[in-house]
Amino acid sequence: MRVVNQPIRKKDAMSLVTGKPVYTDDIAPKDCLIVKLLRSPHAHALIEEIDTSRAMKVPGIEVIYTYKDVPQKRFTMAGQTYPEPSPYDRLILDQRVRFVGDPVAIVAGVDEKTVNRALKLIKVKYQVLEPILDFHKSKDSDILIHPEDNWLAKCQVGADNKRNLAASDRSTYGDYDKVMEDCDVVVEGTYHTKANNQTPMETFRTFTYMDTYGRLNVVSSTQIVFHIRRILGHALDIPKSKIRVMKPRIGGGFGSKQTSVAEVFPAFVTWKTGKPAKIIYTREESQIQASPRHEMEVTCKIGATKDGHIRAIGIYTLSNTGAFGEHGPTTVGLSGHKSISLYGDLEAYRFDYDVVYTNVQSAGAYRGYGATQGIFAVESTVNKLAAELNIDPIKLREMNMVKEGEKMPSYYGETAVSCSLDRCLTRAKEMIQWDEKFPCRDMGNGKVRSVGVSLAMQGSAISGCDVGGATIKLNDDGFYTLTLGAGDMGTGCDTILAQMAAEELDCDIDRIVSYSADTDISPYDSGSYASSTTYVTGLATQKAANQLKEAIMKVGAQMLGTEDIDALEFDGDYVRNLKDGKEVSLIDIATKSMVNNNQEFQFTATCSSPVSPPPFMVGIAEIEVDKETGYVEVIQYVSVVDCGTVVNPNLARVQAEGGIVQGIGMVLSENVTYNEKGRLRENSFMQYKIPTRMDMGKLRVEFESSYEPTGPYGAKSIGEVVINTPLAALTHAIYNATGLRFYELPVTPEQIAMGLLEHEN
C-alpha cells in the first residue's frame, strides 16, 4: 500500500511542537462571562436554604442560579447512543447534593476575581444526611441516594434506584456449577481497582454564545459533539435544532470527555442571558468532579484440570458508579466479556455483576472501559493457577488462549476471525528473554529482578450500535476535503482517516484536508470512543472515497469520449484510457465539475458493524525490587499488539506506549482515597501521582498483524487495548520477586517492605 501502513507524520505535528494549535480557551470571545460553580462540602445533604443576595451585590456579577431556577427534567451526562443505557438521574442543579464537590450554584460574572468573591458570599444551610462511602454497603441499603420519583432508566439493565442499583445482570454458558465442581483444581481471588483519574493536560472547558439566528453555539473540548447536542437539549429542555456543538483542538481525553462534565453550565447561562459564557475547570475541579474510572472489585474463579487445561471461569464484579450512573451499566459488562474471552474452548462460564450508587463523585469512561479491571482479575488468577500447578505461565496461556477461528461464547458469540495472539506471545517471550529471566534473578545488595506476563483484548466499536460517518468532496486544483464527525483528541485519527482516503484516491495525504467535528456541518458520527474511529469511521471514509473515485472515473470517461469505464485507470492525477493512451487530468475534471455539471462530486458514507473484532495484546514487564525499601523500578516493558493492519506504525506505537504508561501508574502510584466525610484526598498532582518519564523504564512495542476482513484495509482498533496488560503483568512480576501476591492497586513500596518483613517473621 502507498499510504496506509506507512509511518506518516501527524497532520498537526509541526503545529503542535511550535505551539500553534488553538484550543477551546484560545478562541473564546474576550467578553465571555466567567462561569464558576459553588460546590457542596458534604457527601450527602439536602439544601434547606440558600441565600445569594449578598453575592448578587458584588459589582460585575451577572447571574446566580440555584436548584430553584433550572428545569426539573432529569438527564444523563453519559455520551452514549440514544436511548442511553445510563439512567436519567441528574438535574443541572439539585436540592439533594450527593458528593463533596456536587454543584450547588452557578455563578457568572465579568471576571474570575469577581466570581470568586461572590462564591464566598453565598450562604447555604444544609440538612446533612448519612452518606454511603463504602460501595460494599450500598446495595439494598436503607440510605437511598436517588429516592426521587422522576428517576428513569430507559433501557432494561437491571437498574433500580430503590435498591441503589444502576445496573445488575447475569450471563452464563454451559453448566457452570457442574463443570467447576468437576475440576481438579480451582483457584480464586478478589481484586480491587480504584477510581483512577484520566488527567489529560487540558482540563474540562467550554464556551457558549448565541448566534445571529438565535441558536446556542457550544464550543467544547469533547469527544462526542452529537451526543453533547442531545444531552444539552434534554437538560435545558429546548429543541436540539437550537443547538450547535463544535470541537476545536483537544488537549487529551482518554475517555474523560465522553461525559458532558462541564458543558451544561455555561450553556444554561448563555441560554438564559443571551451573553457568551465560559467555564474552565481548575485541576482540583477536574480531580473532584470529573468522570474517573469506575472503582471495581472483581472476584474471579478458574477451574482447570491438573495438567493445566482451563475448563471454566466465573466472575462477579461489584462496580461503584458514584453519585450518578454515567457509563455504569456499560463499563461493567466489559469486565467479564472482554476478559473471560481471552481463553478459548471453555466448557462453561458465569458472569454476574452489580453496579451501585455511592456518595462519591460520579465515574465515567476511561481508556479500557471496564476491561482493564476485569483483565487484571482474570490474568492475575491465571498467574495464580500457573503457580498452583507449577506450570510456566506462558506455557499455560499457550495451552488455553483463544486462537484464530475459535468462537467466543463470552464475547457475545463472536468468532475470532483475525487473531495473532499466539504469535504475539511467542514474539514477546523472545523480546524479554523469558526463559533466561523467569521467575527472578538475585542481583545482589538486596535487589531482585523478575518478570511478569499478561494478555489483553478489547473491541473495535460497539457492535450493532456505533455509527461512523465521513464526507469527502473534490475541489478545484484536484485536492479533497474530508469532513468527519469523529473528534481527534490527540490520537491522530484525522491523519489516519486521511491516509485511508488518500490510499483509496491514490494521492499524497497532503491533498486531503481534514475537518472535524461540527454538528451543523459534519456527517453524523457516534464520536471518538469505544475504539471505534479507525474501524467504523475508517470504513465510512474508505466507502466515501471509493464513491468519489467512481464519479471521477465516470466524468473522465465522458471527457475522453468513451463509455468503456473498464478500459480506464485513475492514478490519482490522471484518468487514462489504456486502449488509446488518451488522458485527462484530475484538475481538468475538478474544473469541469464546476461548470454545467450534474454529476455529484461530494459523497457521504455511513457505516456500522454487526461485529466488534477484538485487538489482542501481550505485555511482559521486567522490574527490579529493592527488598529493603520495597521500591519497584520498571526496567523494561515489552508489548506485542495485534491490531489487524497497522494503519500508521508511528501513531500506533505511541498509542501503545501511552497506554502502557497509564497502566504503570495504576499499579505503582495512582491512588484514590476519601476521608470519613467523603472528601477526596488526592485532589491535585501533589497527591495524585501520575508516572513521569523516569517511571516508565524502556518501552518496546512491536506488532504481529492479522487481517480483519470486516475492517478498512484489514484494520482493527488499538486505542484501548494497550492499557490492559500492565496491571496483571507488574503485580505478577512483584510476586515473582517477593512471593507477595497483591490484590489491590496501587502497590506501594511500604506495602512491599512491610509484607516482606511479615513474611520473614
Practice problem: Check whether the side chains of H136 and E297 place a donor and an acceptor atom closer than 3.5 Å, and report yes or no. | Solution: yes

Quiz item: Of all residues at least two apart in sequence or in a different chain, which pass the side-chain contact (heavy atoms from CB on, under 4.5 Å) check with A167?
Solution: V157, P329, Y353, V355

Self-check item: Test log, rule salt bridge (charged side-chain N to carboxylate O under 4.0 Å, His left out), inputs K278 and D25
Solution: CA-CA 8 Å; K278 177 177 71 174; D25 196 28; 2.9 Å; yes

Quiz item: With sequence neighbours excluded, what pairs up with Q80 under the side-chain contact (heavy atoms from CB on, under 4.5 Å) test?
Solution: A78, E84, P85, S86, Q258, H327, T330, Y369

Quiz item: Below 6.0 angstrom between ring centroids: does that apply to F254 and Y366?
Solution: no

Quiz item: Are the side chains of V298 and T190 in touch, meaning some heavy atoms are under 4.5 Å apart?
Solution: no

Quiz prompt | Side-chain (Q373) to main-chain (H294) donor-acceptor, under 3.5 angstrom | solution = yes

Quiz item: Of the options Q287, E670, E682, which is the one that meets Y688 in a side chain to side chain donor-acceptor pair (under 3.5 Å)?
Solution: E670

Quiz prompt | Exam field: side chain N196 to backbone N671, donor-acceptor pair closer than 3.5 Å | solution = no

Quiz item: Are V634 and L730 close enough that some pair of their side-chain heavy atoms sits under 4.5 Å apart?
Solution: yes

Practice problem: Please answer whether the main-chain N or O of R90 pairs with a side-chain N or O of D94 as donor and acceptor at a distance below 3.5 Å. | Solution: no

Quiz item: Should the heavy atoms of other residues, nucleotides or ligands under 6.0 Å from CD of E744 be counted, would the total exceed 12?
Solution: yes

Quiz item: Does the side chain of L745 reach to within under 4.5 Å of the side chain of T731, using non-hydrogen atoms?
Solution: yes

Quiz item: Does H146 have its ring centroid less than 6.0 Å away from the ring centroid of Y357?
Solution: yes

Practice problem: Under the ring-ring contact (aromatic ring centres under 6.0 Å, His included) rule, collect the residues that match up with F75, sequence neighbours excluded. | Solution: none

Quiz item: Do any N or O atoms from the side chain of D488 and from the backbone of T491 form a donor-acceptor pair under 3.5 angstrom?
Solution: yes

Quiz item: So how far is it from R117 CZ to K113 NZ, rounded to the nearest 0.5 Å?
Solution: 9.0 Å

Quiz item: Sub-3.5 Å donor-acceptor pair from the side chain of E720 to the main-chain atoms of G368, do we have one?
Solution: yes

Quiz prompt | S669 OG to K689 NZ distance, which is reported to the nearest 0.5 Å | solution = 9.0 Å

Exercise. Answer yes or no for R96 and F324: cation-pi contact, defined as NZ/CZ to six-membered ring centre under 6.0 Å and angle to ring axis within 45°.
Key: no

